[in-house]
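Computed from a predicted model, the values in this text were never measured in an experiment. Worth knowing before you read on, the calculation uses all heavy atoms, side chains too, and leaves out hydrogens, waters and symmetry mates.
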Amino acid sequence: MHHISRFGEPAEPGSANNPALITGAAVSFEEQHRARVRRYTIIMAFRIPALVLAAVAYSAFGSALVAALIIAVSVPLPWIAVLIANDRPPRDKNEPSRYQYRRPEPPAIGGTHHTIEG
């Protein structure tokens, strides 16, 4: 199927008159980084209010158990935030593997080694 430009000549795919459609383009690194920083900030934003809530719960209810539970929930938040922020998007099944097996090269000096005993 040939596309015709507005002047009547065929338009090449990817030209200004027939732009290439790239619906499968990956998200840019900058957009991925912004999204990961945003997730990290949101998760870490729960840490300080959780500690304040633990103090308020302890003073309001007089129960150290409620305050300790709130603090226990907030302790792994930095670890979780870092894991989520460092996670890359899932690998596409069509993405090629970058690992390439290479056979080990033969030794520079070939042949068998003879030892002299005696």
Side-chain angles (χ1 to χ4, degrees):
M1 173 180 204
H2 294 285
H3 289 85
I4 306 296
S5 72
R6 55 187 174 150
F7 298 112
E9 64 268 356
E12 293 294 319
S15 68
N17 294 324
N18 185 14
L21 181 62
I22 45 175
T23 57
V27 178
S28 72
F29 176 74
E30 289 80 17
E31 289 179 34
Q32 287 180 13
H33 185 260
R34 274 195 302 270
R36 292 193 323 244
V37 167
R38 190 177 319 117
R39 277 183 268 160
Y40 176 84
T41 306
I42 290 169
I43 293 171
M44 288 304 289
F46 285 108
R47 182 97 195 268
I48 293 176
L51 296 175
V52 171
L53 183 65
V56 170
Y58 180 71
S59 64
F61 301 120
S63 171
L65 180 63
V66 173
L69 288 174
I70 294 171
I71 290 173
V73 168
S74 72
V75 165
L77 284 180
W79 179 71
I80 292 169
V82 168
L83 285 179
I84 290 174
N86 287 337
D87 190 25
R88 69 174 289 249
R91 188 178 298 272
D92 185 20
K93 67 178 181 175
N94 296 329
E95 188 175 339
S97 174
R98 306 254 188 267
Y99 177 75
Q100 294 179 354
Y101 173 75
R102 291 189 311 187
R103 289 208 156 136
E105 294 184 20
I109 301 175
T112 59
H113 297 285
H114 300 286
T115 57
I116 301 173
E117 295 180 19

For a quick test of your reading: what N or O donor-acceptor pairs under 3.5 Å do the side chains of residues 62-78 make, sequence neighbours left out?
residue : atom : partner : partner atom : Å
Ser63   : OG   : Leu65   : N            : 3.4
Ser74   : OG   : Ile71   : O            : 2.9

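Both Val56 and Ile48 belong to a common hydrophobic cluster when Ile, Leu, Val, Met, Phe, Trp and Tyr are linked at side-chain heavy-atom distances under 4.5 angstrom. Linking Ile, Leu, Val, Met, Phe, Trp and Tyr whenever their side-chain heavy atoms come within less than 4.5 Å leaves Met44 and Ile80 in two separate clusters.
Between atom OG1 of residue Thr41 and atom CZ of residue Arg36 there is a gap of 12.5 Å, rounded to the nearest 0.5 Å. In this structure, the separation between CG on Leu83 and CD1 on Ile43 is 9.5 Å, given to the nearest 0.5 Å.
With sequence neighbours excluded, no residue forms a side chain to side chain contact (heavy atoms under 4.5 Å, CB included) with Glu105.
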